Amino acid sequence: MDRSEAPTWSLIGRDEELAVARRFLRRATVNGGSMVVSGEPGVGKTALLDAVAESAAETGMRVLRAAGVAFEADISYSSLNQLLFPLYDAFAELPPVHREALRVALGFGSGQPPDRLLVSNAVLLLLRSMATARPLLLIVDDLPWLDRSSSAVLGFVARRLVGTSVGFLAATRSHTASFFEQGGLPELELQPLRPDAASELINQRFPELAPAVRRRLLSEARGNPLALLELPSALSGSQRLIAASLPAVLPLTRRLQALFATRVSHLPEACRRLLLLGALDGTGELGVLLDAASDHDLDDLEPAERDQLVRVHSSTRRFAFRHPLIESAVVEVATSGELRWAHSALARTLVGQPERRAWHLGEAAVGPDERVAALLEQAAHQILRRGDAVGAVASLTRSADLTPDPAERGRRLAQAAYIGADAGGELTNASQLLDDARRASPGGSLYATAAAVHLLLNSDGDVRTAHRLLVGAIEAGGHGYDADDEALIDVLHTLLLLCFFTGEPSSWEPFFAALNRLTPKAPELLTVAAGTFSDPARMGHAVAGRLDALVAGTGAEVDPTEIVRIGIAAIYLDRLWACREADWRIVRLGREGAAPARRHLGVLLHLCMDDYHSGRWGEAADLADEGIRLCDEHGFRFFGWYFQYIQALLAAVRGDAEASDALTDRILRFAVPRGARAAEFYAYHVRGLNDLARGDFESAYQHATLLSPAGTLAPYVPHALWGCLDLVEAAARTNRLPEAAAHAATLKEANLAALSPRLGLLGAAASALAAPNDRAEELFEVALALPDIERWPFDLARVRLAYGEWLRRSRATAKSRAQLRTALDTFERLDARPWVERASNELRATGLTKPRNDPRPAVLTVQEREIAQLAASGLTNKQIGEKLFLSHRTVGSHLYQIFPKLGITSRAALRDALLAPDEDAAREIEVAPEP
């Protein structure tokens with residue numbers, strides 16, 4: 001339909017969809033809200049958005065519009081810039097931190113790239129503020145072409161508009177991937193027009209069509225409104241009247257594109273130039289177009305307006321293409337010279353926006369140009385620091401294309417391959433880039449080797465080969481061990497992981513040799529990680545305080561790579577809990593497609609580990625599943641065992657021994673042939689814990705000593721710290737008392753409490769388990785008195801269980817019950833079923849069947865309480881019956897009901913249950929009214 005003549009809301013065949021849009025608009029005006037319109041290309045999404053926009057403006061709403069642009073999909077925040085530019089003056093009303101974040105993100109200011117969450121909150125504050133005076137409607141067309149950063153921010157905003165006077169309406173193509181995460185948002189899917197509506201549309205617009213032609217077009221268009229409106233225009237007059245035959249096949253997509261190209265080609269040159277600038281700029285800002293083409297004015301766009309190719313909004317000084325195919329056609333018909341002219345003109349205009357300027361300079365270049373290549377490389381680093389690995393790879397690849405020196409070209413391609421493999425999860429593309437890098441510079445580079453290592457790990461390669469390749473590249477490199485060499489530091493962080501994966505002390509020698517040669521000194525994070533991740537029992541004490549300083553800075557850190565590396569340093573000193581805020585920030589960005597996949601994977605693992613130790617087992621299971629899915633989607637074959645380890649741990653502690661064994665079997669089948677001994681150690685740790693859960697203490701001991709022999713902490717096997725209590729408990733249970741004592745002594749000598757409270761708890765408990773009877777109680781009390789151990793509920797409950805078991809054997813029944821009840825309560829809350837059963841059995845051995853700290857009080861009737869008190873005083877059933885005028889059988893029946901209510905199994909326990917001999921055993925007993 002000709003929209004210039006159509007009244008608002010009059011779209012043929014869209015009555016139901018328009019009714020939904022009306023309801024949305026009414027709700028948004030009062031209480032805010034979001035909706036996504038989806039459908040195939042040409043189905044009428046833009047027409048619906050136009051109708052809503054016109055109606056909203058008529059009702060007094062302020063309408064802001066933006067559309068995704070293919071040519072700016074790699075430029076961060078370009079779409080957000082397009083949407084919010086009309087509100088630029090209102091930025092001043094924001095708090096300073098939000099104002100500056102928004103200005104920097106949108107290219108109006110300089111400074112460090114702001115945190116994505118800060119930008120998102122700034123946008124939300126701005127919109128809320130503007131809507132207080134006048135309801136606001138945001139309309140965003142063509143979501144698949146939005147840049148990654150804008151998609152993440154708008155997805156954040158769209159979910160938080162309820163309670164405002166801000167509406168968000170967007171359009172996306174069905175079955176087309178985009179960075180915008182629309183899950184959970186209401187969706188209105190536009191279907192092709194029904195046959196009657198399609199006929200009405202084509203009859204109204206083209207009444208002269210012969211019936212046979214009309215039937216053919218209806219059949220080929222299949223209800224697509226754009227095809228119905230445009231395809232007849234491609235036919236000659238005689239074809240419309242069937243005087244000339246129609247082509248046998250009408251390929252709709254090509255036909256439509258050809259139509260648009262023809263219509264664009266017929267425009268005056270001045271008009272086409274402005275359209276080309278607009279297509280390549282993508283912001284819709286008329287000011288940018290006119291600045292770039294200073295010899296043109298707004299009147300030059302009139303032919304395109306008359307032909308309904310674009311719509312110009314004079315009030316907002318913006319214009320928009322009527323359909324993305326028109327935009328594509330504008331570029332398609334342009335000559336290479338015209339494209340270079342447009343990119344050059346835009347580069348001159350965008351002096352204050354270095355990333356966009358570098359991109360346009362790159363597209364304008366006709367041959368190698370080192371100056372432009374360097375600008376693109378700088379832009380890539382900025383893009384990567386914001387977490388956009390894909391954008392960084394694109395910028396580096398274009399930089400390499402323009403690099404005249406083969407060695408430099410190879411270096412930039414290798415760096416792009418490294419980023420793609422290490423962070424972006426684009427392994428196929430990384431492999432191709434690496435091949436290109438090798439052809440450009442056969443000598444290779446550090447980045448080339450590091451990229452090859454990542455690809456090797458995720459194929460069928462082994463860890464030792466990867467380690468040897470990387471060490472060789474470092475030792476042969478011409479870097480001079482310069483600590484400011486970014487490539488060298490990146491590669492050393494990769495080598496740190498490879499040394500850990502090998503699980504062999506000798507693998508660490510070349511790493512520390514390189515670390516010690518760095519001048520003027522090694523970077524702080526690399527130094528700290530070298531101490532905490534390699535051999536924390538011996539080297540962690542020296543850097544623990546420095547680690548705390550690094551961890552404290554994660555709240556303000558925006559670089560996903562730095563956040564993951566700090567997490568790696570924090571694992572074995574139990575500081576992951578302090579990184580959770582930053583880790584979750586990366587997870588949320590990763591789910592929105594706005595953070596590198598490999599970094600998303602890294603923080604998922606760290607959250608899983610902290611969740612396990614802190615008792616968030618449900619969340620750990622969910623995140624482990626997410627990690628497995630990410631590994632499968634991105635081809636990260638090597639890293640799946642991390643998440644299988646978490647799954648196996650959870651299966652073990654929850655009592656699913658078979659599932660745990662199956663998972664550790666998978667880990668071992670993967671790890672052994674690849675020389676990934678770290679994965680083997682993880683599997684042995686789970687197997688030892690699984691054995692303890694099912695009471696197989698001999699097997700538990702054998703698996704625990706595969707991590708580290710009794711009496712030693714295996715060097716460069718940091719996971720031996722996590723299995724230290726398992727080894728001592730298994731040794732004590734199998735009567736290997738000398739081995740238990742030797743290992744406990746080693747743990748004490750390591751001063752684990754200085755590394756972390758949890759490790760201190762494990763070490764102190766190991767000393768108590770291995771101690772002679774006259775010292776055990778004192779050592780258990782020392783363990784339970786350590787500070788900040790409540791953060792680790794499962795480990796703490798295990799220690800209480802062991803203490804309660806020892807107390808019961810020592811006949812300290814009341815004290816034993818207190819520890820066992822507390823342990824059982826924790827195990828039940830965690831659903832640690834094997835330990836629930838073990839603690840319950842111990843309690844039964846003390847005469848109780850369930851914990852006294854059950855939050856639900858026992859409910860006894862008046863008569864039951866009287867019977868219980870008499871029985872507790874020592875009277876027989878017959879004597880109680882005589883006092884209460886009951887038969888002895890009735891008394892026995894009452895006692896049968898009383899015992900389970902009080903959590904006991906015998907008359908001997910009645911006195912304790914009713915009189916609460918110690919404060920820990922006290923329990924309220926309510927008296928229910930008699931029926």
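Every value quoted in this text rests on a predicted model; they were computed, and no experiment measured them.
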Legend entry - For Thr664 against Asp661, the heavy-atom pair lying closest together: OG1-O, 2.9 Å

Legend entry - Qualifying residues under salt bridge (Lys or Arg N to Asp or Glu O under 4.0 Å), relative to Glu749, sequence neighbours excluded: none

Inset, instruction - Give a yes or no on whether a salt bridge exists between Arg412 and Glu370, defined as a side-chain N under 4.0 angstrom from a carboxylate O. - result: yes

Legend entry - His479 side-chain N/O to Ile474 backbone N/O, donor-acceptor pair under 3.5 Å: yes

Inset, instruction - Apply salt bridge (charged side-chain N to carboxylate O under 4.0 Å, His left out) to the pair Glu619 and Arg580, showing each step before the final yes or no. - result: CA-CA 13 Å; Glu619 181 177 281; Arg580 290 185 65 86; 2.8 Å; yes

Inset, instruction - Verify, without hydrogens or angle tests, whether Thr494 (side chain) and Asp490 (backbone) share a donor-acceptor contact under 3.5 angstrom. - result: yes

Legend entry - Residues which pass side-chain contact (heavy atoms from CB on, under 4.5 Å) with Pro536, listed by chain and number, not counting sequence neighbours: Tyr572, Leu573, Pro718, Leu721

Inset, instruction - Working to the nearest 0.5 Å, report the span between OH of Tyr684 and CG of Asp691. - result: 13.0 Å

Inset, instruction - List the steps and the verdict of side chain to side chain contact (heavy atoms under 4.5 Å, CB included) for Met609 and Trp722. - result: CA-CA 12 Å; Met609 288 181 166; Trp722 288 15; 4.1 Å; yes

Inset, instruction - State, with a plain yes or no, whether a side-chain heavy atom of Phe643 is found less than 4.5 Å away from one of Leu604. - result: yes

Legend entry - Derivation of the side chain to side chain contact (heavy atoms under 4.5 Å, CB included) call for Tyr645 and His719: CA-CA 12 Å; Tyr645 162 73; His719 219 66; 3.0 Å; yes

Legend entry - Check: Thr712 side chain, Ser708 main-chain N or O, donor-acceptor pair, under 3.5 Å: no

Inset, instruction - Taking the side chain as every heavy atom from C-beta outward, state whether His600 and Arg591 have any pair of such atoms under 4.5 Å apart. - result: yes

Legend entry - Cation-aromatic face contact Arg674/Phe670, 6.0 Å, 45 degrees: yes

Legend entry - Salt bridge flag under 4.0 Å for residues Glu377 and Arg411: yes

Legend entry - Inter-residue atom distance Trp792.CH2 - Leu762.CG, 0.5 Å rounding: 10.5 Å

Inset, instruction - Quick one: pull up CG in Leu747 and CG in Asn751 and give me the separation to the nearest 0.5 Å. - result: 11.5 Å

Inset, instruction - Decide if the gap between the ring center of Tyr701 and the ring center of His703 is smaller than 6.0 angstrom. - result: no

Inset, instruction - Without swapping roles, check the side chain of Trp617 against the backbone of Tyr612 for a donor-acceptor pair under 3.5 Å. - result: yes

Inset, instruction - For Gly503 and Val717, work out which heavy atoms get closest and say how close. - result: O-CG2, 4.4 Å

Legend entry - N-O pairing of Glu698 and Arg736 below 4.0 Å: yes

Inset, instruction - Provide the closest heavy-atom pair for Thr527 versus Ala522 in the form atom of the first, atom of the second, distance. - result: OG1-CB, 3.4 Å

Inset, instruction - May I ask you to decide if Cys499's main-chain N or O and Ser507's side chain share a donor-acceptor pair within less than 3.5 Å? - result: no

Inset, instruction - Enter the distance from Asp610:CG to Arg575:CZ here, rounded to the nearest 0.5 Å. - result: 12.5 Å

Legend entry - Spatial distance of atom CG (Leu497) from atom OG1 (Thr502) [nearest 0.5 Å]: 11.0 Å

Inset, instruction - For residues Ile489 and His493, determine if any side-chain heavy atom of one lies less than 4.5 Å from a side-chain heavy atom of the other. - result: yes

Legend entry - Note, Leu649 side chain near His685 side chain (heavy atom, < 4.5 Å): yes

Inset, instruction - For residues Phe500 and Tyr716, establish whether the separation of their ring centroids is below 6.0 Å. - result: no

Inset, instruction - State, yes or no, whether a side-chain contact exists between Leu515 and Leu496 at a heavy-atom distance under 4.5 Å. - result: no

Inset, instruction - Answer yes when Asp559 and Arg599 have at least one side-chain N-carboxylate O distance shorter than 4.0 Å, and no when they do not. - result: no

Legend entry - Under-4.0 Å salt bridge between Arg798 and Asp726: yes

Inset, instruction - Can you see which heavy atom on Ala651 is nearest to which on Ala659, and at what distance? - result: CB-CB, 4.2 Å

Inset, instruction - State, to 0.1 Å, how close Cys608 and Ala620 come at their nearest heavy-atom pair, and which atoms those are. - result: SG-O, 3.7 Å

Inset, instruction - Inspect the contact between Arg637 and Asp632 and indicate whether a charged nitrogen and a carboxylate oxygen are less than 4.0 angstrom apart. - result: no

Legend entry - Minimum side-chain heavy-atom gap Phe501-Arg464 below 4.5 Å: no

Legend entry - Heavy-atom check, side chain of Ser614 versus side chain of Trp577, under 4.5 Å: no

Inset, instruction - Measure from the side-chain N and O atoms of Ser756 to the backbone N and O of Leu752, and report whether any donor-acceptor pair falls under 3.5 Å. - result: no

Legend entry - Sidechain-backbone polar pair: Ser660 side chain, Asn690 backbone, donor-acceptor under 3.5 Å: no

Inset, instruction - Might you confirm whether atom CZ of Arg538 has over 12 heavy atoms from other residues, nucleotides or ligands at distances under 6.0 Å? - result: yes

Legend entry - Of Arg758, Arg791, His613, the residue whose pairing with Asp574 passes side chain to side chain donor-acceptor pair (under 3.5 Å): Arg758

Inset, instruction - Report yes if the side chains of Asp482 and Leu518 come closer than 4.5 Å at any heavy-atom pair, otherwise no. - result: no

Legend entry - Exam field: side chain Thr532 to backbone Ala569, donor-acceptor pair closer than 3.5 Å: yes

Legend entry - Minimal non-hydrogen separation, Val551 against Ala578, with atom names: CG1-CB, 3.2 Å

Legend entry - salt_bridge(Glu504, Arg677) N-O dist < 4.0 Å: no

Legend entry - Criterion side chain to side chain donor-acceptor pair (under 3.5 Å) on His606 and Tyr642, from CA distance to verdict: CA-CA 10 Å; His606 297 163; Tyr642 273 128; over 6 Å; no

Inset, instruction - Could you tell me the separation between the CZ atom of Phe636 and the CD1 atom of Ile628, rounded to the nearest 0.5 Å? - result: 13.5 Å

Inset, instruction - May I have the step-by-step check of side chain to side chain contact (heavy atoms under 4.5 Å, CB included) for Arg687 and Gln702, ending in yes or no? - result: CA-CA 10 Å; Arg687 288 198 162 179; Gln702 298 302 328; over 6 Å; no

Legend entry - Worked verdict on Leu727 versus Leu707 for side chain to side chain contact (heavy atoms under 4.5 Å, CB included): CA-CA 9 Å; Leu727 192 155; Leu707 268 177; over 6 Å; no

